[in-house]
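One-based numbering, in listed order, for ligands and for the atoms of each.
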Amino acid sequence: MSSERRRQTQLREQTFHCCACFYTDNIFLEDYHMHIRFQDEQQFRKEYEGILKSRGCRTEEHLKSVLMKIEKEVQRRKRLGEQSLERRLAISQSYKPLHPEVYILQDSFLAPEFLEIVTFCRSQDADLDGLLSRIQSISDKRIYRFPVFTQEFCSRFIEEMENFEKSELPKGRPNTMNNYGVLLNELGFDERFIAPLRERYLQPMTSILYPDCGGQYLDSHKAFVVKYSLSEDLDLSSHYDNAEVTVNISLGKEFTEGNLYFADMRQVPANERRYVEVEHVVGQGLLHRGEHVHGALPITSGERWNLIVWMRSATVRNTLCPMCDKAPQLVETLGYGDGFTQSCAPPAPDTVDVCAVI
Ligand SMILES: O=C(O)CCC(=O)C(=O)O
Ligand SMILES: [Fe+2]
């Protein structure tokens, strides 16, 4: 059976889930630049009233408006699976792609250097030292940069995204922090573009770079495009991803500033975190651990587009949900959900450990 066939079969047989904390935790309050947990009003007031006050939420009226926004966000999350499916159907029925060929991953989209790196990673000689000599290590934080796409592909891909943006069709936004950008599964990129990119090209690398974070068992993902411009989102607040490993590929167009910054793993207390800034280079990808706290600085001109893939390993997350730090309480969803499964074989004790703080 071909690997693509095997993958399709596995996906059909495998049901992915969310953790129940999706409806209570990590709710982003844009006006106050903070993530909160909402169990009920009493808990919320007790935990956050003080800090919200110090950030300008001074009156009862302000607080009521925050509570309303939280309620709206929780309702949005509850309807997410169904609404995403509806959008997907509407798009598949009515959207006319500008560049239909970009929906199916081909080697010609990929930078020759990337193909060489992947060939090395798949070879008998593959090891960490060999891989590190072929990619750029950024500081000692296990962040790596390497060419991924050709310039030609980046331009075509952005044109496709712009064409979709111009259409009247409904658009699902990547998350509560990114107000612009596109969820790629709704456009039909998952099966023939993102999944093969993850399985055939990125996983051979992540197996070597992140064996302690499930890098060899990345079995689902959430993929989206983010867009920054002077009249839209300028930057992205500090956060960590709901992912074991993330790849962030710069697509263009032209922009100034907008660097990423990385602190430490999420377990390191905020006042002890040390930051490193990382530039985006068009066509190049950055690999980092999902739980590495990071954000994006404001751009000062132009437009910045990036393709982000949050890659998940059920083997790792089935034991600990990175968003609530507890054993996941599984809730059924459509599609990949947040990458939890019921039937994942437990990891061999000496091969997989949840990301260690390094
Ligand atoms: O803007 C970027 O390059 C980073 C985006 C990001 O970290 C995310 O969407 O999770
Ligand atoms: Fe991120």
Side-chain angles (χ1 to χ4, degrees), residues 22 25-28 30 33-35 138 141-146 148-149 154 157-158 161 171-186 189 194 198 202 206 210 213 218 220-266 268 273 275-312 317 322-323 336 338-339 355:
F22 183 55
D25 288 28
N26 281 293
I27 296 172
F28 184 59
E30 198 166 8
H33 287 271
M34 59 192 275
H35 286 92
I138 296 183
K141 292 178 182 274
R142 298 174 77 192
I143 305 162
Y144 305 102
R145 180 162 46 211
F146 48 93
V148 179
F149 293 131
C154 292
F157 190 81
I158 292 182
M161 295 299 118
K171 285 145 199 119
R173 299 307 178 190
N175 51 54
T176 41
M177 299 171 69
N178 296 105
N179 299 305
Y180 302 88
V182 182
L183 270 174
L184 291 174
N185 67 325
E186 295 183 3
F189 275 95
I194 304 292
R198 164 171 56 80
L202 295 169
T206 59
Y210 307 110
C213 302
L218 298 172
S220 71
H221 61 258
K222 172 171 170 164
F224 50 94
V225 167
V226 290
K227 180 192 175 195
Y228 303 85
S229 78
L230 296 190
S231 57
E232 296 166 304
D233 286 336
L234 285 178
D235 56 11
L236 188 68
S237 294
S238 181
H239 66 284
Y240 62 92
D241 301 337
N242 187 353
E244 274 58 62
V245 180
T246 295
V247 68
N248 177 341
I249 307 163
S250 174
L251 301 169
K253 296 180 176 180
E254 291 200 350
F255 55 91
T256 50
E257 305 293 333
N259 285 349
L260 279 184
Y261 57 89
F262 286 88
D264 289 281
M265 297 299 276
R266 66 185 178 90
V268 175
R273 291 179 188 153
Y275 291 84
V276 61
E277 257 186 58
V278 183
E279 259 178 54
H280 280 300
V281 180
V282 176
Q284 302 210 0
L286 289 163
L287 270 178
H288 64 86
R289 290 165 294 170
E291 295 183 42
H292 202 150
V293 175
H294 60 283
L297 295 169
I299 58 161
T300 49
S301 71
E303 267 179 37
R304 173 159 90 71
W305 293 73
N306 288 60
L307 167 59
I308 317 276
V309 190
W310 288 359
M311 298 183 280
R312 278 116 178 216
R317 59 186 39 230
M323 305 315 277
Y336 281 133
D338 278 342
C355 288

Checklist outcome for this item: Hits for side-chain contact (heavy atoms from CB on, under 4.5 Å) against Asn259, two or more places apart or cross-chain, chain-then-number order -> Glu277, Glu279, Leu297
Item to check | Counterpart residues, side-chain contact (heavy atoms from CB on, under 4.5 Å), relative to Ser301 (two or more places apart) | outcome: Thr256
Checklist entry - Any side-chain heavy atom of Asn242 within less than 4.5 Å of one from Arg317? => result yes
Checklist entry - Which heavy atom in Gly339 sits nearest to a heavy atom in Ser220, and how many Å separate them? => result CA-OG, 3.4 Å
Checklist entry - ring-ring contact (aromatic ring centres under 6.0 Å, His included) between Phe255 and Trp305: does it pass, once the steps are laid out? => result CA-CA 9 Å; Phe255 55 91; Trp305 293 73; over 10 Å; no
Checklist entry - Do the charged groups of Arg289 and Asp241 touch, with an N to O distance under 4.0 Å? => result no
Next on the checklist: Going by side-chain contact (heavy atoms from CB on, under 4.5 Å), Tyr240 matches just one of Met265, Met323, His292. Which one?
Outcome noted: Met323
Item to check | Residue and atom, protein N/O/S, under 2.8 Å of the Fe ion (ligand 2) | outcome: His239 NE2, Asp241 OD1, His294 NE2
Checklist entry - What's the shortest heavy-atom distance between Asp233 and Lys227, and which atoms? => result CB-O, 4.2 Å
Checklist entry - Which heavy atom of Cys154 sits nearest a heavy atom of Ser250, and at what distance? => result SG-O, 4.2 Å
Give every pair formed by an N or O atom of ligand 1 and a protein N or O atom closer than 3.5 Å, one pair per line with both atom names and the distance to 0.1 Å, or write none.
unit_1: ligand 1; atom_1: 1 (O); unit_2: Tyr228; atom_2: OH; d: 2.5
unit_1: ligand 1; atom_1: 1 (O); unit_2: Arg304; atom_2: NH1; d: 3.3
unit_1: ligand 1; atom_1: 1 (O); unit_2: Arg304; atom_2: NH2; d: 2.9
unit_1: ligand 1; atom_1: 3 (O); unit_2: Asn248; atom_2: ND2; d: 2.9
unit_1: ligand 1; atom_1: 3 (O); unit_2: His280; atom_2: NE2; d: 3.1
unit_1: ligand 1; atom_1: 3 (O); unit_2: Arg304; atom_2: NH1; d: 3.0
unit_1: ligand 1; atom_1: 7 (O); unit_2: His239; atom_2: NE2; d: 3.2
unit_1: ligand 1; atom_1: 7 (O); unit_2: His294; atom_2: NE2; d: 3.0
unit_1: ligand 1; atom_1: 10 (O); unit_2: His239; atom_2: NE2; d: 3.2
unit_1: ligand 1; atom_1: 10 (O); unit_2: Asp241; atom_2: OD1; d: 3.1
unit_1: ligand 1; atom_1: 10 (O); unit_2: Trp310; atom_2: NE1; d: 3.3

